[in-house]
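Okay, so here's the structure we're looking at.
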Amino acid sequence: MKIEEQKKAVRSGYDMDIIPSDLATFGSEAKNLLQDLQSRNERMFLLTFLVVNMADTKRKLENDVFAAAGIAQKNNCALTRLDYQQEAGLMSSVPLGENLIPIQRGLTTSSTAIFIPFITQELFQSGAALYYGLNALSNNMILCDRKQLKNPNGLILGTPGSGKSFAAKREMTNAFLITDDDIIICDPEAEYFPLCSGLTGK
Ligand SMILES: Nc1ncnc2c1ncn2[C@@H]1O[C@H](COP(=O)(O)OP(=O)(O)OP(=O)(O)O)[C@@H](O)[C@H]1O
Ligand SMILES: [Mg+2]
């Protein structure tokens with residue numbers, strides 16, 4: 001396309017560096033993509049992204065579709081409605097591994113990875129593992145047995161009143177209930193006294 005434009009420019013007698021601006025933009029994007037593929041060990045994937053909207057009433061459905069389109073537009077994407085292909089769209093979105101929708105976009109490895117929800121680092125140990133909260137990304141439980149880690153020590157940091165003591169007490173109670181470990185508390189303020197006596201400690 002660029003050569004065609006340059007030929008046209010020469011024929012019409014103007015500078016052959018002047019090409020349509022969108023062609024220049026696409027040209028540099030293609031060059032960047034090629035560079036990613038060649039030097040950053042990226043691969044090209046063809047991706048079909050389907051959004052399924054379901055609702056109890058037709059009006060609610062229309063509202064949801066409208067809202068979804070708004071969210072996509074805010075992120076510089078356009079959702080195309082699958083008019084007359086809705087069954088194919090639904091069948092492609094269920095986990096059968098079959099894609100009946102011929103709309104595809106080429107994406108690099110790092111762009112494709114965004115769509116895969118399994119990239120968070122999970123900590124979910126078996127055995128006498130204690131509960132340490134929820135993973136902020138995946139919302140899965142963090143279950144960990146310190147004694148299985150390379151370093152079993154821990155330090156609780158946080159702003160005043162953010163729940164440090166609560167977290168420590170919760171962990172102690174958890175350890176008390178599911179392990180035979182000794183719990184030794186050095187507490188000059190006797191803040192842990194009620195917990196200690198509640199757990200029949202001395
Ligand atoms: N997970 C939680 N769910 C509900 N309430 C909580 C939770 N964690 C802490 N709290 C409440 O928040 C308040 C402050 O918690 P806590 O005393 O543990 O904070 P702290 O970080 O130890 O504060 P300080 O820095 O003053 O020692 C307490 O009233 C506690 O009951
Ligand atoms: Mg405290």
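Counting convention: from 1, in listed order, for ligands and their atoms alike. Numbering starts at 1 and runs along the sequence shown. Note: hydrogens, waters and symmetry copies are ignored here, and every other heavy atom, side chains too, is used. Keep in mind the model is a prediction, meaning the values are calculated, not measured.
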Legend entry - E62/R59 ion pair, N-O < 4.0 Å: no
Legend entry - More than 12 heavy atoms of other groups within 6.0 Å of I3 CD1: no
Legend entry - Check against salt bridge (Lys or Arg N to Asp or Glu O under 4.0 Å), E5 and K2: CA-CA 5 Å; E5 287 295 334; K2 195 172 170 183; over 6 Å; no
Inset, instruction - Step by step, work out the side chain to side chain donor-acceptor pair (under 3.5 Å) result for Y132 and R146. - result: CA-CA 11 Å; Y132 283 96; R146 284 172 186 268; 3.1 Å; yes
Inset, instruction - Taking all non-hydrogen atoms of both residues into account, name the closest pair between S165 and Y192 and its distance. - result: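 Minimum heavy-atom separation between S165 and Y192: CA-OH, 3.9 Å.
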Inset, instruction - Work out which heavy atom in A175 is nearest to a heavy atom in T179; give both atom names and the distance. - result: O-OG1, 2.6 Å
Inset, instruction - For ligand 1, would you mind listing the residues that have at least one heavy atom less than 4.0 Å away, ordered by chain and number? - result: T159, P160, G161, S162, G163, K164, S165, F166
